[in-house]
Number of protein chains: 4
Amino acid sequence: MEKKSVPSLVKDQQLILKRREQIIKGAVRLFIEKGFHRTTTREIAKESGFSIGTLYEYIGTKEDVLYLVCDAIYEEVTERLKKQLYTSGSAVERLEAAIRAYFTVIDSMQDEVLVMYQETKSLPKETLPYVLKKEEEMAAMMEEMVSACNQEGVFQFTDKEQKLFTHNLLVAGQMWTFRRWAIRKHFTLDEYIALQIKNLLKRE
Amino acid sequence: MEKKSVPSLVKDQQLILKRREQIIKGAVRLFIEKGFHRTTTREIAKESGFSIGTLYEYIGTKEDVLYLVCDAIYEEVTERLKKQLYTSGSAVERLEAAIRAYFTVIDSMQDEVLVMYQETKSLPKETLPYVLKKEEEMAAMMEEMVSACNQEGVFQFTDKEQKLFTHNLLVAGQMWTFRRWAIRKHFTLDEYIALQIKNLLKRE
Amino acid sequence: MEKKSVPSLVKDQQLILKRREQIIKGAVRLFIEKGFHRTTTREIAKESGFSIGTLYEYIGTKEDVLYLVCDAIYEEVTERLKKQLYTSGSAVERLEAAIRAYFTVIDSMQDEVLVMYQETKSLPKETLPYVLKKEEEMAAMMEEMVSACNQEGVFQFTDKEQKLFTHNLLVAGQMWTFRRWAIRKHFTLDEYIALQIKNLLKRE
Amino acid sequence: MEKKSVPSLVKDQQLILKRREQIIKGAVRLFIEKGFHRTTTREIAKESGFSIGTLYEYIGTKEDVLYLVCDAIYEEVTERLKKQLYTSGSAVERLEAAIRAYFTVIDSMQDEVLVMYQETKSLPKETLPYVLKKEEEMAAMMEEMVSACNQEGVFQFTDKEQKLFTHNLLVAGQMWTFRRWAIRKHFTLDEYIALQIKNLLKRE
DNA sequence: TATGAATGAGAATTCATTCAT
DNA sequence: AATGAATGAATTCTCATTCAT
């Protein structure tokens, strides 16, 4: 599936990329602080470093900004993850490393991840699938590693169990940001990672 | 901690309760459909069955409606849960029954639960703690049952592990609504419950 | 000219008078504090000691309250003044005593007088003449005393000069409240009275 | 004391001045007709010749309009006065000319002056001093001329008497507008000026 | 007579979007 | 391409007034 294209009045593709990067950077800051709805387009323009008129040269509606932002965040999370994913060692060792990397990436982007999840529902309807796509991609990457463990006999998962395991694993990461108010009373990041890994990798 | 009191111009306490019920009912419907920010106070009034003026006899701000709604949903979830919580049998049996009940309640209120989690961040700052309080209360209820299992030797959890276990359990429930777009491709509710329980209750 | 009659749903004339007194008392307090426009009918009702429904049993519109208030204040000023007006002595002595009395009365009712003058323009159009009537009555009283002085040869005023003199005299009193922010930097009430009298009574 | 600055979203300072002039002109017309409180921001926008949105590009609150209006009126009165103030001749002649000028200016701006005095109390609290400042400035100008007369032996005023004289003089002017309903029954402007001057300049 | 809940027109203000320069 | 002034629909909230009890 291709990316949803956001309309722009500007021709120069290079410039579009550059300006949209500015927009995303500015908007993320603002969305983190006050959320999508409480942020005005004027503020986004200002924070991006240009005028409201210019902003609208690069987007069609305010919602487009949200799409750009969510897309960018997902992109970065998956990108960063991919880079750290393929280590050597046994299947379990690689899975463990992947989980660790995943949790770490999420922690280092907690505010962004939070925005992404909280504002997802405000995305323009047509774009939602494009964003969820990314999530599925990430899930697929993880599931592959789980599958490897399964094949090496580390787990004896049915298909469904494997799906669920992967799902729980992803959720555990997201929860580190989403429920931080509850979690951080009890765990440091390292503790959280260690315990979740211990829990996930325990066999029957 | 007492409930946050929402200001009303009306004196009749009975009536306040009745009208607020109407408000909550109407608002939930709208929030489910379009979210808090996209719902106008006029729509809330209309959906509640009275005029905008009357709405403001029973609340101070639009945000008060959100508080009423979130509070009511949490209340109902915990209420329903409590009713089903204390069955007989061994500690594990009771825990399993509780988990089952929890997942079932959440499923039957999925839209409401979704609203609650997605709009929490829009709550007036002073009221957030009052709402989170409910969540903690529920967590405490669950943790107690986990603790019983621990004491009966079903688990050998450290304190932290017990906390994490409870946390994961609660999250597993919420995810049934929060990530339904992903989960329901693969599981029915019963499957989801069965597998999560199997996973949670497996010993080392 | 008769008083403008304010419509009431209640028959008992005695009761009407009593309730309106309450209304006036309450409203004056509020008008002094926040002015007519910023005061709500609800507040007036509360301050008067009864419900909004009852308030509307005794008035037709919010503006009626303003009329009642202005009328009452004028009434009281003239009443108080009349009581102190007719002393013995020569015409000048009597005039001087009257001026003194006038300034003193105004000082003791400064807030009320201020309200009266500041809100006059908000009076329902038909009632304005009724209120100004009081002012003219007061002016007439004063002018009579000035006229006596004139006849005794204290002044040699033409008709117009006599009018103007009286007018200036009345204004001097009102200014004690109206421009108090400027005047009180420089004068105490006694100084102000003394100097104005000296100035007014000086002959050519 | 600097002028209070009213916030604007527009950058072009020239334009701000132009638009605010439009606003003031439109608002004065409306305030004269119906007073500040009965005038809506929409009416102000319309009368100013632009949309409600544009109005709010040049002011922060409705009250800002009142401040702009009052400030502008005071400004114009003092400006006009200053221009006519310094004639030649003896101190008394100059004072007399000043008084005449003052009364004439006020007469030619009677509606505006009326607005200014009647709505002063509705000014945002922080701005009141800025407006009164203008009044004091005008008083100072006048007092200077009175003082000159005093030095030339026209009067034998103590400091306080001089203050009071100036004050009475200013008030006499304002009353021409403020109590016009009463005054104009008896005097034309010329008569009023002549008699007040005669009265003011009479020596002991 | 007294009450106070209900009403809804109307008010101030905001903000996404457009468009002339 | 960039700017930012202009627009006006939409939004929240208020408050004088009514009317059933």
Side-chain angles (χ1 to χ4, degrees), chain A residues 8-12 15-16 19 37-46 49-65, chain B residues 8-12 15-16 18-19 37-46 49-63 65, chain C residues 8-12 15-16 19 37-46 49-65, chain D residues 8-12 15-16 18-19 37-46 49-63 65:
Chain A
S8 169
L9 298 174
V10 174
K11 300 287 156 67
D12 184 339
L15 191 53
I16 293 184
R19 291 278 179 262
H37 281 104
R38 293 196 209 285
T39 301
T40 69
T41 50
R42 268 174 142 111
E43 289 170 319
I44 295 171
K46 194 174 177 194
F50 34 71
S51 72
I52 182 70
T54 303
L55 177 66
Y56 273 87
E57 299 277 314
Y58 296 95
I59 58 161
T61 69
K62 188 187 172 191
E63 285 178 334
D64 285 341
V65 177
Chain B
S8 171
L9 297 174
V10 172
K11 298 182 172 175
D12 184 336
L15 191 55
I16 293 183
K18 182 179 152 198
R19 292 280 178 261
H37 282 106
R38 292 196 210 286
T39 302
T40 69
T41 50
R42 291 195 118 83
E43 288 171 320
I44 295 171
K46 196 172 176 193
F50 33 69
S51 72
I52 182 67
T54 301
L55 177 65
Y56 275 90
E57 296 271 307
Y58 296 94
I59 58 161
T61 348
K62 188 187 170 191
E63 285 180 334
V65 178
Chain C
S8 169
L9 299 172
V10 174
K11 299 288 156 68
D12 183 339
L15 191 53
I16 293 184
R19 290 279 179 259
H37 280 104
R38 293 194 210 287
T39 301
T40 69
T41 50
R42 269 174 141 111
E43 289 170 319
I44 295 171
K46 194 173 176 193
F50 35 69
S51 72
I52 182 67
T54 302
L55 178 66
Y56 273 87
E57 299 276 316
Y58 295 95
I59 58 162
T61 70
K62 189 187 171 191
E63 287 178 332
D64 286 341
V65 177
Chain D
S8 170
L9 296 175
V10 172
K11 297 181 175 176
D12 185 337
L15 192 55
I16 292 183
K18 183 179 151 199
R19 292 278 178 263
H37 281 105
R38 292 196 210 284
T39 302
T40 70
T41 51
R42 293 196 116 83
E43 287 170 321
I44 295 171
K46 196 173 177 191
F50 32 69
S51 71
I52 182 68
T54 301
L55 176 65
Y56 274 90
E57 297 271 306
Y58 296 94
I59 57 159
T61 350
K62 188 186 171 192
E63 285 180 334
V65 177

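For the numbers below, each heavy atom of this structure counts, side chains included, while hydrogens, waters and symmetry mates do not. Proteins come first, then strands; the chains are lettered A, B, ... in the order of their sequence lines, and each starts at number 1.
Spacing between atom CZ of R19(A) and atom P of dA1(F) amounts to 10 Å, rounded to whole angstrom units. In this structure, L55(C) atom CG and dT1(E) atom C1' are separated by 14 Å, rounded to whole Å. When the P atom of dG8(F) is taken as reference, atom NZ of K46(D) falls 12 Å away, rounded to whole Å. dA2(F) atom C1' lies 15 Å from atom NZ of K11(A), rounded to whole Å. Rounded to an integer number of Å, the gap from I44(D) CD1 to dG10(E) C1' is 15 Å. Spacing between atom CD of E43(D) and atom C1' of dA12(E) amounts to 13 Å, rounded to whole angstrom units. As rounded to whole Å, 20 Å separates atom P of dG4(E) from atom CZ of F50(B).
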Checklist line | Watson-Crick or G-U pairs under 3.5 Å in DNA chain F, rendered as dot-bracket with [ ] for crossing pairs and | for another strand | finding: .||||||||||||||||||||
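Take S51(D) and apply the side chain to side chain donor-acceptor pair (under 3.5 Å) test, not counting sequence neighbours, and it matches T54(D). With sequence neighbours left out, T61(C) forms a side chain to side chain donor-acceptor pair (under 3.5 Å) with no residue at all.
When every heavy atom of I44(B) is checked against every heavy atom of T39(B), the shortest pair comes out as CG1-CG2, 3.7 Å. Taking each heavy atom of S8(C) and I16(C) in turn, the nearest pair found is OG-CD1, 3.6 Å.
At least one side-chain heavy atom of Y58(D) sits less than 4.5 Å from a side-chain heavy atom of L15(D). Contact check for L9(B) versus R42(C): side-chain heavy atoms found under the 4.5 Å cut-off.
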Notebook entry, point to check: How would nucleotides 14-21 of chain F be written as a contact map, 5' to 3', with B for base contact, S for sugar-phosphate-only contact and - for no contact, using protein heavy atoms under 4.0 Å?
Noted result: BSBBB---
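Across all strands, L9(C) comes closer than 4.0 Å to no nucleic acid atom at all (heavy-atom distances).
Pairs of residues two or more places apart, or lying in two chains, that qualify as salt bridge (charged side-chain N to carboxylate O under 4.0 Å, His left out) and include a residue from residues 54-65 of chain A are E63(A)-R38(B).
At the phosphate of dA5(F), neither OP1 nor OP2 sits under 4.0 Å from any side-chain N or O atom of Y58(D).
Judged by closest nucleotide on DNA chain E, G49(C) is the one of G49(B) and G49(C) placed further toward the 5' end.
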